[in-house]
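For reference, the structure is listed below as C-alpha coordinates.
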Amino acid sequence: MKRSDVKSNRVGRAMLATGGVTTGYRALVAFECVLCARTIAPGELFSRQTRRTPTGAMGATTTDPVCLTCRPLRLEDTGETETAVTDARED
Ligand SMILES: [Zn+2]
(Lines give C-alpha, C1' and ligand atoms only; values in the text may rest on other atoms or scores of the structure.)
Protein backbone atom coordinates (compact mmCIF):
# COMPACT_ATOMS: atom_id res chain seq x y z
CA MET A 1 0.00 0.00 0.00
CA LYS A 2 1.42 3.32 -1.02
CA ARG A 3 1.28 6.04 1.57
CA SER A 4 0.25 8.57 -1.03
CA ASP A 5 -2.96 6.73 -1.84
CA VAL A 6 -5.96 8.88 -1.03
CA LYS A 7 -8.75 6.79 0.38
CA SER A 8 -10.85 9.32 2.19
CA ASN A 9 -11.79 12.98 2.21
CA ARG A 10 -11.69 14.94 5.41
CA VAL A 11 -15.11 16.50 5.69
CA GLY A 12 -14.59 18.60 8.77
CA ARG A 13 -15.53 18.78 12.39
CA ALA A 14 -18.35 16.52 13.46
CA MET A 15 -20.29 16.26 16.69
CA LEU A 16 -20.50 12.86 18.33
CA ALA A 17 -23.76 11.64 19.80
CA THR A 18 -21.91 11.43 23.10
CA GLY A 19 -21.18 15.16 22.97
CA GLY A 20 -17.58 15.05 21.86
CA VAL A 21 -16.06 16.39 18.70
CA THR A 22 -14.23 14.38 16.12
CA THR A 23 -13.19 14.66 12.51
CA GLY A 24 -15.62 13.35 9.93
CA TYR A 25 -14.40 11.59 6.82
CA ARG A 26 -16.06 10.46 3.64
CA ALA A 27 -14.89 7.15 2.25
CA LEU A 28 -13.55 7.06 -1.31
CA VAL A 29 -13.03 3.31 -1.16
CA ALA A 30 -14.67 0.63 0.94
CA PHE A 31 -13.42 0.40 4.50
CA GLU A 32 -14.15 -2.17 7.17
CA CYS A 33 -15.27 -0.86 10.53
CA VAL A 34 -12.70 -1.86 13.13
CA LEU A 35 -15.41 -2.32 15.77
CA CYS A 36 -18.19 -4.27 14.02
CA ALA A 37 -16.54 -5.32 10.73
CA ARG A 38 -19.37 -3.74 8.75
CA THR A 39 -18.38 -2.44 5.32
CA ILE A 40 -18.19 1.33 5.09
CA ALA A 41 -19.16 1.91 1.46
CA PRO A 42 -17.61 4.58 -0.74
CA GLY A 43 -19.45 7.85 -0.16
CA GLU A 44 -20.38 7.04 3.44
CA LEU A 45 -19.34 9.20 6.32
CA PHE A 46 -17.24 7.67 9.03
CA SER A 47 -14.87 8.63 11.80
CA ARG A 48 -11.55 7.29 12.95
CA GLN A 49 -10.01 6.25 16.19
CA THR A 50 -6.32 6.46 16.85
CA ARG A 51 -4.48 3.36 17.93
CA ARG A 52 -0.87 3.16 18.96
CA THR A 53 0.94 0.49 17.04
CA PRO A 54 2.46 -2.16 19.33
CA THR A 55 5.86 -2.23 17.69
CA GLY A 56 7.85 -0.26 15.21
CA ALA A 57 8.86 3.36 15.21
CA MET A 58 8.59 5.31 18.43
CA GLY A 59 5.31 7.09 18.82
CA ALA A 60 3.84 5.47 15.76
CA THR A 61 0.10 5.53 15.60
CA THR A 62 -2.44 4.38 13.10
CA THR A 63 -6.07 5.28 12.64
CA ASP A 64 -8.85 2.75 12.28
CA PRO A 65 -12.13 3.51 10.52
CA VAL A 66 -15.28 3.40 12.65
CA CYS A 67 -18.72 3.30 11.02
CA LEU A 68 -21.67 5.53 11.85
CA THR A 69 -23.51 2.65 13.47
CA CYS A 70 -20.82 2.25 16.08
CA ARG A 71 -20.16 5.96 16.50
CA PRO A 72 -22.98 8.20 15.26
CA LEU A 73 -21.87 11.68 14.31
CA ARG A 74 -23.34 14.83 12.89
CA LEU A 75 -21.37 17.19 10.70
CA GLU A 76 -21.02 20.77 11.81
CA ASP A 77 -22.05 23.21 9.15
CA THR A 78 -18.76 25.00 8.80
CA GLY A 79 -18.96 25.63 5.09
CA GLU A 80 -15.61 23.95 4.69
CA THR A 81 -14.90 22.04 1.54
CA GLU A 82 -13.88 18.45 1.72
CA THR A 83 -10.14 17.95 1.78
CA ALA A 84 -8.36 14.95 0.38
CA VAL A 85 -6.17 13.26 2.94
CA THR A 86 -3.85 10.33 2.78
CA ASP A 87 -4.71 7.29 4.80
CA ALA A 88 -1.29 6.86 6.29
CA ARG A 89 -1.12 9.36 9.11
CA GLU A 90 -3.25 12.02 10.65
CA ASP A 91 -1.63 15.01 12.27
ZN1 LIG B 1 -19.10 -0.38 13.13
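In each ligand, atom 1 is the first atom listed, and ligand 1 is the first ligand listed. All figures in this text were calculated on a predicted structure; none of them were measured in a lab. Sequential numbering from 1 along the given sequence is applied to the chain's residues.
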Quiz item: Who are the salt bridge (charged side-chain N to carboxylate O under 4.0 Å, His left out) partners of Arg74, not counting sequence neighbours?
Solution: none

Practice problem: Please tell me if the side chains of Arg10 and Thr23 come closer than 4.5 Å, counting only heavy atoms from C-beta onward. | Solution: yes

Quiz item: Can you name the residues that form a side-chain contact (heavy atoms from CB on, under 4.5 Å) with Thr39, not counting sequence neighbours?
Solution: Ala30

Quiz item: Under 2.8 Å from the Zn ion (ligand 1), which protein N/O/S atoms are there?
Solution: Cys33 SG, Cys36 SG, Cys67 SG, Cys70 SG

Exercise. Would you kindly check if the NZ (Lys) or CZ (Arg) of Arg26 is within the cone defined by 45 degrees around the ring axis of Phe46 and under 6.0 Å from the six-membered ring centre?
Key: no

Exercise. Give every residue pair that meets the salt bridge (charged side-chain N to carboxylate O under 4.0 Å, His left out) criterion with at least one member in residues 34-43, sequence neighbours excluded.
Key: Arg38-Glu44

Quiz item: Is a side-chain donor-acceptor pair under 3.5 Å present for Arg71 with Ser47?
Solution: yes

